[in-house]
Protein chains: 2
Amino acid sequence: MRVTTTRNGVASERIASALRDSILRGEHPPGTRILQEDVASDFGASRLPVREAFRILEADGLITLVANTGAWVSRLSLAECEEIYQLRERIEPLLLGYSIPNLSEEQLNRLDELAATMQTLRDPEEFLRLDREFHLLSYAGASTAILGDTVRRLWNTTQHYRRAYTRLLDPDGNRIVHDEHHMLVAALRVRDADDAERVLYGHIRRTRLELARHPALFDA
Amino acid sequence: MRVTTTRNGVASERIASALRDSILRGEHPPGTRILQEDVASDFGASRLPVREAFRILEADGLITLVANTGAWVSRLSLAECEEIYQLRERIEPLLLGYSIPNLSEEQLNRLDELAATMQTLRDPEEFLRLDREFHLLSYAGASTAILGDTVRRLWNTTQHYRRAYTRLLDPDGNRIVHDEHHMLVAALRVRDADDAERVLYGHIRRTRLELARHPALFDA
DNA sequence: TCTGGGTAGATTGGATCCATTGATGACGAC
DNA sequence: GTCGTCATCAATGGATCCAATCTACCCAGA
């Protein structure tokens, strides 16, 4: 007889997933300490699954663990952020190449829709969310596990700095971003891998150079 | 490269480190199941630090965890292996570029020595060890954490397949490999980043294409 | 003989308790 | 007044026990 075991999945994964979302939403800025006990009571679990969740998030690059001391939300220096963007410049076009042949008509339409919606947004937080969905969706055709995971990790670790940067911008000021998004979708539609990869490369590179012009984002 | 905040006193790190070495040495071939209880008794510890060690190794890409079921040494398909090599082609030259300006005379001498020694070896296992030391040492000048960790993870996951491939080879057959190693050190000595990165790119690319010619390596 | 269900055993996931480590603040010496 | 030391306390690391769940095997029935 099966009792009401609500089969919610494994607790450590559930907690890791929820914590990841809340960090990505910016509820724990870089440098913030996170206590096992607090998280455990938040989720109504013991500290044990929380400890495993911390290991998962450490692997994601989201938090940094120090033995016998605690866990902190990871903080990047400008140099590390540039490093990540240079990585992204090189591997996201590769990932996109894997994805292009398998993108469905439905996915392409959604990409169009996202690119158009982003242009009308005033709220930086909403822009961040859609921009993330846009790019990750463009990789959805790739059946690669390692490459996809690597890219996702890089997106996670830079999320907070993209947020800080986005808040600085005049909503209309980054017209180039929207143009690039539209150019990218156009290239994807005709399955022009070379063009799509070139646009994406430039898109990331430009963002990297822009970020480097605001070193203040990385203080504190 | 990796900052190695010496958490060596912590059992989970010690166990993870020892297990990682033993997997890299080939003592647990891909597909092998690893039981928490066995590892725990091997190290005279309880299962708890073993569980955390498993999480660390999962992040390294060395093992795969399935909830309520167990841990297996990761197995790659040919497609995944090619994916990893394409990644390596793109990011290891970048990492090398970071490293070149900071390589010491001593490190360059050691690289020369390694390249020469490898030429004389008959034992594939020894070759693997030195080849790993050679390449990772060539990246030692890079102070990058994220990039270095990413590369190290890729090396880990492909270690077993490099081993299987190396065993196939006639020790004299891969003269090109040795030539490339010497060319690489020569370029590093004169701090010619462009040349070094090009040689390294070709080195990895050639290996990828060679691996693809032996699909049998990836069966069961 | 093959398929399906059910049960028993092995193995992992989670909770609680204890040991150990690191940080903080007070006290005393120079 | 400042620096160093020590004691206290909070937070993490680890051990043991219990619960949930998956696997493997056996047996009944077609």
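In the text below, chain A, chain B and the rest are named by the order of the sequence lines, each starting its count at 1.
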Open item on the list: Whether B:Arg51 engages the ring of B:Phe54 as a cation-pi pair (distance to the six-membered ring centre under 6.0 angstrom, angle to the ring normal within 45°) should be assessed.
Closed with: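 No, cation not above the ring by the 6.0 Å, 45° rule.
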
Measure [atom1]/[X] against [atom2]/[N] and give the value in whole Å, please.
{"X": "B:Arg14", "N": "C:dT20", "atom1": "CZ", "atom2": "P", "answer": "14 Å"}
{"X": "A:Phe54", "N": "D:dA11", "atom1": "CZ", "atom2": "P", "answer": "13 Å"}
{"X": "B:Glu58", "N": "C:dT12", "atom1": "CD", "atom2": "P", "answer": "14 Å"}
{"X": "A:Leu65", "N": "C:dG22", "atom1": "CG", "atom2": "P", "answer": "15 Å"}
{"X": "B:Asn68", "N": "C:dT11", "atom1": "CG", "atom2": "P", "answer": "14 Å"}
{"X": "A:Arg33", "N": "C:dA23", "atom1": "CZ", "atom2": "C1'", "answer": "9 Å"}
{"X": "B:Leu35", "N": "D:dT21", "atom1": "CG", "atom2": "P", "answer": "20 Å"}
{"X": "A:Glu13", "N": "C:dG14", "atom1": "CD", "atom2": "P", "answer": "9 Å"}

Compile the donor-acceptor pairs under 3.5 Å between side chains in residues 42-49 of chain B and protein atoms, sequence neighbours left out, one pair per line.
from    : atom 1 : to      : atom 2 : distance (Å)
B:Ser46 : OG     : B:Leu48 : N      : 3.2
B:Arg47 : NE     : B:Gln36 : OE1    : 2.9
B:Arg47 : NH2    : B:Gln36 : OE1    : 3.3

TODO: Could you name each residue pair satisfying side chain to side chain donor-acceptor pair (under 3.5 Å) that touches residues 22-32 of chain A, not counting sequence neighbours?
DONE: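 Passing the test, one end in residues 22-32 of chain A: A:Ser22-A:His28, A:Arg25-A:Glu27.
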
Is there any protein nitrogen or oxygen under 3.5 Å from a nitrogen or oxygen in nucleotides 15-18 of chain D, and what are the pairs?
from   : atom 1 : to      : atom 2 : distance (Å)
D:dA15 : OP2    : B:Ser46 : N      : 3.0
D:dA15 : OP2    : B:Ser46 : OG     : 2.8

Distance-only donor-acceptor hits, side chain of residues 137-149 of chain A, under 3.5 Å, sequence neighbours excluded:
from     : atom 1 : to       : atom 2 : distance (Å)
A:Ser138 : OG     : A:His135 : O      : 2.6
A:Tyr139 : OH     : A:Glu92  : OE1    : 2.3

Open item on the list: Can you classify the ring geometry of A:Tyr165 versus A:His214 as parallel (below 30°), tilted (30 to 60°) or perpendicular (above 60°)?
Closed with: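 Rings of A:Tyr165 and A:His214: tilted, as their planes differ by 30° to 60°.
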
TODO: For residues 29-39 of chain A, pull every pair meeting salt bridge (charged side-chain N to carboxylate O under 4.0 Å, His left out), keeping only residues two or more places apart or in separate chains.
DONE: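 Salt bridge (charged side-chain N to carboxylate O under 4.0 Å, His left out) check on residues 29-39 of chain A returns no pairs.
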
Of all residues at least two apart in sequence or in a different chain, which pass the salt bridge (charged side-chain N to carboxylate O under 4.0 Å, His left out) check with [X]?
{"X": "A:Arg129", "answer": "A:Glu126"}
{"X": "B:Arg167", "answer": "B:Glu125"}
{"X": "B:Arg206", "answer": "B:Glu180"}

TODO: Map every base of DNA chain D to its dot-bracket character, where paired means a Watson-Crick or G-U wobble contact with both distances under 3.5 Å and | marks a partner outside the strand.
DONE: ||||||||||||||||||||||||||||||

- [ ] Return the nearest nucleotide to the side chain of B:Ser12; candidates are C:dG13, D:dG14, D:dG13.
- [x]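 The nucleotide sitting nearest to the side chain is D:dG14.
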
